[in-house]
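All remarks here apply to the structure that follows.
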Amino acid sequence: MTSDSSSGPANGRLSEVLIGDNRELQLLVARGLFPVPAEQLVPLQVALASGEDPEVAQEAAGALGQLDPRIAANVLKEGDSDEVMAFFARHASHPVILETVVRHRRVSQVLLRELAARLPPDLQEVLLLRQDALVEDPAILDRLEQNPELSTYARRRIGEYREHLLRRDELPSPPAGAGREGQEPGDADVLEALAEAGLRPAEGEVDDCTGLSEAQIRTLPVPVRLKLARGATRTLRSILVRDKNPMVARAVLYGNALSDSEVEQIATSRAVVEEVLEAIARTRQWIRKYGIMLAVVRNPRAPVGVAVRLVSRLSVRDLRTLGRDRNVADAVRSAAGRLYRIKRG
């Protein structure tokens, strides 16, 4: 509704729906025909879909199943209803909706376990970015491994998580003298690690937030670097994205709101590990940007298969330049030269 005069009565009538006195109104709402915004209507439809009246429940479930996925995703993003989240997680199959659920800050570990067993390969990668949930509930990884569509990429990442992120009580007993690398650190652990690193020789760029130099940050345990990578300052991001541990470097990409220009700068860097460039190439909203895509292709550290796949999207001018670039792999240079001759002719 667009006017205040109509929104009041509408909200008042909606409050009657769950009381159950007006079945005609219940059916109207269940079918999605009541003229109110989706963020008000959908939660009521979800409640009716699990109600005791079979006809009303069937109508509500049917209408929700036909709901535009973009509208459903927006309701999920803007709302805070656990019931709505659970309904769409268990009944929806559209990737837009499922991705919204997996990324949502309020999604429960129970739902993530359920989803892990049936997510398609591209959404498996999205799930593997939820390091916070995976550390708290390693059973999500167990369910993901049972997914019949488990991708090779996801299988490899699961192995990395088991090596670096799982809590100590989920791993075999470490040998005497082993560190706490497999344990997600608490605030006290982080402060202790920062203090210890500060006693070591300082060298390179200094991060104002931690007060540590690049060399000192490199000495921090992997779980501490992973934790610092999420929500990091720009200086800290520039240090950690060049980390030799792929998980730390990727945590910078997915744990922060990066601008396109910053992603392009990362894609240009020859100091990042190839997994960072692979992750950028796998992220649609980034690789669609021509500057970012070109930076990945021209980076000698980019996986050859990734670079060759992207060559076909280059302009004739850039194909010509790349075909003469001795810094890139022979396969990339050859593919660029061949496409240049085809497009030029």
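Because the structure is predicted, anything quoted here is derived from the model rather than measured.
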Which atom of [X] lies closest to which atom of [Y], heavy atoms considered:
| X | Y | answer |
| --- | --- | --- |
| V101 | V107 | O-CB, 3.4 Å |
| I287 | I280 | CB-O, 3.9 Å |
| Q216 | G198 | NE2-O, 3.5 Å |
| L314 | K343 | O-NZ, 3.1 Å |
| I292 | D260 | CD1-O, 3.8 Å |
| S259 | S261 | OG-OG, 3.0 Å |

Any heavy-atom pair between the side chains of [Y] and [X] that's under 4.5 Å?
| X | Y | value |
| --- | --- | --- |
| H104 | M85 | yes |
| R250 | M247 | yes |
| V306 | L277 | no |
| L112 | D137 | no |
| H94 | I97 | yes |
| L25 | F34 | yes |
| D122 | E99 | no |
| R230 | N256 | no |

Is there a donor-acceptor pair closer than 3.5 Å between any side-chain N or O of [X] and the backbone N or O of [Y]?
| X | Y | result |
| --- | --- | --- |
| T100 | V96 | yes |
| Q45 | A30 | yes |
| R301 | E274 | no |
| S213 | A202 | no |
| N147 | L119 | yes |
| R225 | V248 | no |
| Q124 | E149 | yes |
| T283 | Q285 | no |
| S334 | D330 | no |

Are more than 12 heavy atoms, taken from residues, nucleotides or ligands other than [X], located less than 6.0 Å from that residue's [atom1] atom?
| X | atom1 | value |
| --- | --- | --- |
| R333 | CZ | yes |
| Q58 | CD | no |
| E205 | CD | yes |

| request: Starting from the C-alpha separation in whole Å, work towards a yes-or-no answer on side-chain contact (heavy atoms from CB on, under 4.5 Å) for E214 and R242. | output: CA-CA 10 Å; E214 181 173 352; R242 301 193 304 270; 3.0 Å; yes
When rounded to the nearest 0.5 angstrom, what distance separates [atom1] in [X] from [atom2] in [Y]?
| X | Y | atom1 | atom2 | value |
| --- | --- | --- | --- | --- |
| L240 | L226 | CG | CG | 9.0 Å |
| L128 | E160 | CG | CD | 9.5 Å |
| T321 | Y340 | OG1 | OH | 9.0 Å |
| D243 | R218 | CG | CZ | 5.0 Å |
| L294 | L310 | CG | CG | 10.0 Å |
| E24 | L28 | CD | CG | 7.5 Å |

Treating Ile, Leu, Val, Met, Phe, Trp and Tyr as nodes and any side-chain heavy-atom pair under 4.5 angstrom as an edge, say whether [X] and [Y] lie in one connected cluster.
| X | Y | value |
| --- | --- | --- |
| Y290 | V332 | yes |
| V316 | V311 | yes |
| V304 | L322 | yes |
| V126 | L141 | yes |
| L115 | Y153 | no |

| R106 and D82: salt bridge (Lys or Arg N to Asp or Glu O under 4.0 Å), yes or no, with the steps? | CA-CA 8 Å; R106 286 176 52 90; D82 294 337; 2.8 Å; yes
| query | Hey, mind stepping through R313 and D318 against salt bridge (Lys or Arg N to Asp or Glu O under 4.0 Å) and telling me if it holds? | reply | CA-CA 10 Å; R313 296 169 52 184; D318 288 325; over 6 Å; no
| request: Given side-chain contact (heavy atoms from CB on, under 4.5 Å), test L67 with F88 step by step and report yes or no. | output: CA-CA 11 Å; L67 185 66; F88 283 107; 4.2 Å; yes
| D208: partners by salt bridge (Lys or Arg N to Asp or Glu O under 4.0 Å), with sequence neighbours left out | none
| Do E39 and E78 pass the side-chain contact (heavy atoms from CB on, under 4.5 Å) test, and can you show the C-alpha distance, the side-chain angles, and the key distance before you say yes or no? | CA-CA 8 Å; E39 59 266 24; E78 301 299 327; 5.8 Å; no
| field | Side-chain donor-acceptor pair present, D207, T233, cut-off under 3.5 Å | value | yes
Less than 4.0 angstrom from a charged side-chain N to a carboxylate O is my criterion; do [X] and [Y] meet it?
| X | Y | result |
| --- | --- | --- |
| E262 | R237 | yes |
| E114 | R90 | yes |
| R155 | E145 | no |
| E278 | R156 | yes |
| E125 | R282 | yes |

| task | Give a yes/no verdict on a cation-pi contact between R130 and Y254, requiring under 6.0 Å between NZ or CZ and the six-membered ring centre and an angle within 45° of the axis. | result | no
| Please walk me through it: do N299 and T268 pass side-chain contact (heavy atoms from CB on, under 4.5 Å)? | CA-CA 6 Å; N299 195 320; T268 304; 5.7 Å; no
